Amino acid sequence: MAEIFRNLTAEEIANQLCVCEHEMYTKIHPREFLLWISSKQKEQDCPHLSSLVMHFNRLSLVITTVIVKCVYILERVAIILKLLDICHI
């Protein structure tokens, strides 16, 4: 995963994230937001919203893992700067 992150430009990553997340957001029905608050079975009652939350959690885990696995501080700095570029796009 780290190699893919390093080989793609910030713009390519931002574009792909945008496409994927747009698809996820457009599938969410407004009632899922209301059900989310009171539901005890979120995956069953709010499948699309639950999928988006799981996507966000997995993405956070991957980003954290890529940063933590760097041995050298300059590598970590480069990755964090690239993440900031992705967020800025």
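Each residue takes its place number in the sequence, starting with 1. Note that the coordinates shown come from a computational prediction; the quantities given were computed from them, not determined experimentally.
Residues E75 and K69 are not paired through a salt bridge, judged by the lack of any N-O separation under 4.0 Å between the basic side chain and the carboxylate.
Between T64 and V68 there is a side-chain heavy-atom pair separated by less than 4.5 Å. Looking at D85 and I13, their side chains never come closer than 4.5 Å, going by heavy atoms from C-beta outward. Taking 4.5 Å as the limit, every side-chain heavy atom of E12 sits out of range of all side-chain heavy atoms of N15. E11 is not listed as a side-chain neighbour of I86, based on a closest heavy-atom distance of 4.5 Å or more. You'll find the side chain of L83 reaches within 4.5 Å of the side chain of I67, heavy atoms only. Side-chain contact between V53 and W36: present, with at least one pair of heavy atoms (C-beta onward) separated by less than 4.5 Å.
In the hydrophobic cluster analysis, where Ile, Leu, Val, Met, Phe, Trp and Tyr join through side-chain heavy atoms closer than 4.5 angstrom, I79 is grouped together with L17. Residue L59 is not grouped with residue M54 when hydrophobic side chains (ILVMFWY) are merged at heavy-atom distances under 4.5 angstrom, including chains of intermediate members. I28 and M24 fall within a single hydrophobic cluster, where Ile, Leu, Val, Met, Phe, Trp and Tyr side chains are chained together by heavy-atom contacts under 4.5 Å.
The closest donor-acceptor contact from the side chain of E32 to the backbone of H48 lies under 3.5 Å. With hydrogens and angles disregarded, no donor-acceptor distance shorter than 3.5 Å links the side chain of K42 to the backbone of S50. In this structure, the side chain of T26 engages the main chain of E23 through a donor-acceptor pair within 3.5 Å. Checking side-chain atoms of S51 against main-chain N and O of P47 turns up no donor-acceptor pair under 3.5 Å.
Separating the CG atom in D45 from the CZ atom in R31 is a distance of 10.0 Å, to the nearest 0.5 Å. C18 contributes atom SG, which lies 11.0 Å from atom CD1 of I89 (distance to the nearest 0.5 angstrom). Taking SG from C20 and CG from L52, the interatomic distance works out to 11.5 Å, rounded to the nearest 0.5 Å. Of the inter-residue distances, the one linking F56 atom CZ with L61 atom CG reads 11.5 Å to the nearest 0.5 angstrom.
Minimum heavy-atom separation, C70 to R6: SG-NH2, 4.1 Å.
Shown here is E21, whose CD atom has more than 12 heavy atoms of other residues, nucleotides or ligands within 6.0 Å.
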